[in-house]
S.K.: 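The structure under discussion is supplied below as structure tokens; questions concerning it will follow.
Quick note: residue numbers are just sequence positions, from 1.
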Amino acid sequence: MVDKTVAFVLQHDSFKTLGSSRTDARVSAESFYVALYLDDALDNLNEFLDLLNLNFPTDIEAMELQEVSPDFNVIQSAKTKEYLYLFAPHCKGHPFSASLVTMIPDELDLDQMKAGAKLFKGTHNFQNYVTKPNEKTELVRTVSQSDIIPNRFYQSSFFPSEVFAFQLESSGFMRNQVRLMMGQLLELGKGHISLNDLADSLENKRSQPFKTIAPASGLILWKTYLIEFIQKP
């Protein structure tokens, strides 16, 4: 949709875009960066920004445009990324909240889930928490934050009375990693696995992949922290 809108505003398709992250369908992003490569410089950045927002669908907004050096790489410059996974236990919930909050009909042991979330913190081989890795996939990742806390990020009259957030931060995440992590926390909260099972999944390769992956709609790319922009001289 970004490419389609840029092409409409520029009235040509002689450009390339590169996103700072890859997100699944139905995943939301509060903070996202896109690099736009053009043959010629834009005459007026503010005017181009206004035209983008005039033509973007209502669920996309461009906040700022900044000209950078050709040396700038939007993917390599992503220092850390912070994700949220919003969920509400033991409720059906209002349909309007379905795009942001995953409703769990079961009772959940939140104390167990909080303890399980802390096990993810640190440097681990997340070989069990990735979908279809290839030989170049870096399986060892360092998670600097991993907690389950009450939701303080989004509020709405149609949200359930109790919403929780799985909040985690790392320099990068693999395909489906966060949703697989959340899936195991849900299995833990339902009593289907133990803390020892979760700890073992961070130590040993499973013979079979996890069957539980959390729905995409509860996942939000909350913040992307970039290394300082390389300004164009």
S.K.: Would Leu195 end up clustered with Phe166 when hydrophobic side chains under 4.5 Å apart are linked, directly or stepwise?
M.R.: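 In one cluster: yes.
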
S.K.: Test your reading of the model: is there a side-chain donor-acceptor pair from Asn128 to the backbone of Ser201, 3.5 Å cut-off?
M.R.: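 Here the side-chain-to-backbone pair exists.
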
S.K.: Quick one: are Tyr33 and Ser21 in side-chain contact, heavy atoms under 4.5 Å?
M.R.: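 Tyr33 vs Ser21: side chains apart.
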
S.K.: Taking side-chain contact (heavy atoms from CB on, under 4.5 Å) as the test, write out the residues that go with Asn44, two or more places apart.
M.R.: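 By the side-chain contact (heavy atoms from CB on, under 4.5 Å) rule, Asn44 matches Asn46, Glu47.
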
S.K.: Pro209: what forms a side-chain contact (heavy atoms from CB on, under 4.5 Å) with it, not counting sequence neighbours?
M.R.: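 Scan of Pro209 (side-chain contact (heavy atoms from CB on, under 4.5 Å), adjacent residues dropped) gives none.
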
S.K.: Quick check against the 3.5 Å criterion: does Asp200 have a side-chain atom that pairs as donor or acceptor with the backbone of Asp197?
M.R.: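 Checking the backbone N and O of Asp197 against the side chain of Asp200, no donor-acceptor pair under 3.5 Å is found.
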
S.K.: From Glu67 CD over to Leu42 CG, what is the distance, rounded to the nearest 0.5 angstrom?
M.R.: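 Reported to 0.5 Å precision, the distance equals 8.0 Å.
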
S.K.: Who pairs with Gln145 by side-chain hydrogen bond (donor to acceptor under 3.5 Å, both in side chains), at least two apart in sequence or on another chain?
M.R.: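 By the side-chain hydrogen bond (donor to acceptor under 3.5 Å, both in side chains) rule, Gln145 matches Gln167.
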
S.K.: Report the residues that fulfil side-chain hydrogen bond (donor to acceptor under 3.5 Å, both in side chains) with Ser14, sequence neighbours left out, ordered by chain and then residue number.
M.R.: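 side-chain hydrogen bond (donor to acceptor under 3.5 Å, both in side chains) list for Ser14, sorted by chain: Asp39.
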
S.K.: Is there side-chain contact between Phe210 and Glu187, with at least one heavy-atom pair below 4.5 Å?
M.R.: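 No. Closest side-chain heavy atoms not under 4.5 Å.
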
S.K.: By side-chain contact (heavy atoms from CB on, under 4.5 Å), which residues pair with Glu61, not counting sequence neighbours?
M.R.: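 If we apply the side-chain contact (heavy atoms from CB on, under 4.5 Å) test to Glu61, skipping adjacent residues, the hits are Asn53, Met63.
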
S.K.: For Ala62 and Phe56, work out which heavy atoms get closest and say how close.
M.R.: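 Residues Ala62 and Phe56, closest heavy atoms: CB-CE1, 3.9 Å.
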
S.K.: So does Glu138 have more than 12 non-hydrogen atoms from other groups sitting under 6.0 Å from CD?
M.R.: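 Not more than 12 within 6.0 Å, no.
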
S.K.: So, do Asp40 and Leu38 sit near enough that their side-chain heavy atoms are less than 4.5 Å apart?
M.R.: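 Side chain of Asp40 against side chain of Leu38, heavy atoms only: no contact under 4.5 Å found.
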
S.K.: Sequence neighbours left out, what passes side-chain contact (heavy atoms from CB on, under 4.5 Å) with Ser157? Give chain and number order.
M.R.: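 Expected list: none.
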
S.K.: Rounded to the nearest 0.5 Å, what separation is found between the CG atom of Leu198 and the CD1 atom of Ile193?
M.R.: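 With rounding to 0.5 Å, CG (Leu198) is 5.0 Å from CD1 (Ile193).
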
S.K.: With no hydrogens and no angle check, is any side-chain donor or acceptor of Thr123 less than 3.5 Å from a backbone partner on Thr142?
M.R.: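 Checking the backbone N and O of Thr142 against the side chain of Thr123, no donor-acceptor pair under 3.5 Å is found.
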
S.K.: So which atom in Thr212 and which in Leu180 form the shortest heavy-atom distance, rounded to 0.1 Å?
M.R.: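 Heavy atoms only, the tightest pair is O-CD2, 3.9 Å.
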
S.K.: So for atom CD, which belongs to Gln208, do other residues, nucleotides or ligands contribute more than 12 heavy atoms lying within a distance under 6.0 Å?
M.R.: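 No, because the 6.0 Å sphere around CD of Gln208 holds 12 heavy atoms or fewer from other groups.
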
S.K.: Please name all residues satisfying ring-ring contact (aromatic ring centres under 6.0 Å, His included) with Phe173, sequence neighbours left out, ordered by chain then number.
M.R.: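 By the ring-ring contact (aromatic ring centres under 6.0 Å, His included) rule, Phe173 matches Tyr83.
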
S.K.: Can you measure from CG (Leu36) to CG (Leu10) and round to the nearest 0.5 angstrom?
M.R.: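 One finds 7.0 Å between CG of Leu36 and CG of Leu10.
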
S.K.: Let me confirm one number: the CD-OG1 distance from Gln127 to Thr137, rounded to the nearest 0.5 Å.
M.R.: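 Going from CD on Gln127 over to OG1 on Thr137, the span is 12.5 Å.
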
S.K.: Assess whether side-chain contact (heavy atoms from CB on, under 4.5 Å) is satisfied between Leu202 and Tyr129, documenting all intermediate values.
M.R.: CA-CA 9 Å; Leu202 296 170; Tyr129 293 88; 3.9 Å; yes

S.K.: What are the two closest heavy atoms between Ser144 and Ser170, and how far apart are they?
M.R.: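 That would be OG-N, 4.3 Å.
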
S.K.: If you draw a 6.0 Å radius around CG in Asp59, do more than 12 non-hydrogen atoms from other residues or ligands fall strictly inside?
M.R.: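 Correct, the count exceeds 12.
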
S.K.: Linking I/L/V/M/F/W/Y whenever any side-chain heavy atoms sit under 4.5 Å apart, do Met181 and Ile220 land together?
M.R.: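 Different hydrophobic clusters.
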
S.K.: Roughly how far apart are Glu30 CD and Tyr154 OH, rounded to 0.5 Å?
M.R.: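 Output value for this atom pair is 3.5 Å.
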
S.K.: Let me check something: do Phe15 and Val9 share a hydrophobic cluster, defined by ILVMFWY side-chain heavy atoms less than 4.5 Å apart, either directly or through other members?
M.R.: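 They do share one cluster, since a chain of ILVMFWY contacts under 4.5 Å joins Phe15 to Val9.
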
S.K.: Taking distance alone, no hydrogens or angles, what donor-acceptor pairs closer than 3.5 Å link side-chain atoms of residues 95-108 to residues at least two apart or in another chain?
M.R.:
| residue | atom | partner | partner atom | Å |
| --- | --- | --- | --- | --- |
| Ser97 | OG | His94 | O | 2.7 |
| Thr102 | OG1 | Tyr85 | OH | 2.8 |
| Glu107 | OE2 | His90 | NE2 | 3.4 |

S.K.: Would you give me the side-chain donor-acceptor pairs under 3.5 Å for residues 1-8, sequence neighbours excluded?
M.R.:
| residue | atom | partner | partner atom | Å |
| --- | --- | --- | --- | --- |
| Asp3 | OD1 | Thr17 | OG1 | 2.5 |
| Asp3 | OD2 | Thr17 | OG1 | 3.4 |
| Thr5 | OG1 | Met1 | O | 2.9 |

S.K.: Taking the side chain from Arg179 and the backbone from Ala214, do they hold a donor-acceptor pair closer than 3.5 Å?
M.R.: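 Here the side-chain-to-backbone pair exists.
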
S.K.: Applying ring-ring contact (aromatic ring centres under 6.0 Å, His included), name anything that partners Phe153, two or more places apart in sequence or on another chain.
M.R.: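 Trp222.
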
S.K.: Are Ile60 and Leu45 co-members of a hydrophobic cluster defined by side-chain heavy atoms under 4.5 Å apart?
M.R.: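 As far as the 4.5 Å side-chain criterion goes, Ile60 and Leu45 are connected within one cluster.
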
S.K.: Side-chain polar contacts of residues 109-122 - donor-acceptor pairs under 3.5 angstrom, sequence neighbours left out - could you list them?
M.R.:
| residue | atom | partner | partner atom | Å |
| --- | --- | --- | --- | --- |
| Asp109 | OD1 | Asp111 | N | 3.2 |
| Asp109 | OD1 | Gln112 | N | 3.1 |
| Lys118 | NZ | Asp147 | OD1 | 3.1 |

S.K.: Same hydrophobic cluster for Leu186 and Leu219, using side-chain heavy-atom links shorter than 4.5 Å among ILVMFWY?
M.R.: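 Looking at the clustering, Leu219 is in the same group as Leu186.
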
S.K.: Atom CG of Leu84 and atom CZ of Arg152: how far apart are they, to the nearest 0.5 Å?
M.R.: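 Leu84 CG to Arg152 CZ: 8.5 Å, rounded to 0.5 Å.
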
S.K.: Are the side chain of Lys81 and the backbone of Ser20 linked by a donor-acceptor contact shorter than 3.5 Å?
M.R.: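 Confirmed, Lys81 side chain pairs with Ser20 backbone.
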
S.K.: Would you please name every residue forming a side-chain hydrogen bond (donor to acceptor under 3.5 Å, both in side chains) with Ser156, sequence neighbours left out?
M.R.: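 Once residues adjacent in sequence are excluded, Ser156 has no partner under the side-chain hydrogen bond (donor to acceptor under 3.5 Å, both in side chains) criterion.
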
S.K.: Is any side-chain heavy atom of Phe164 less than 4.5 Å from a side-chain heavy atom of Ile149?
M.R.: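 Side-chain contact under 4.5 Å: no.
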
S.K.: Contact between Phe126 and Leu139 at the side-chain level, heavy atoms closer than 4.5 Å - yes or no?
M.R.: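 Side-chain contact under 4.5 Å: no.
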
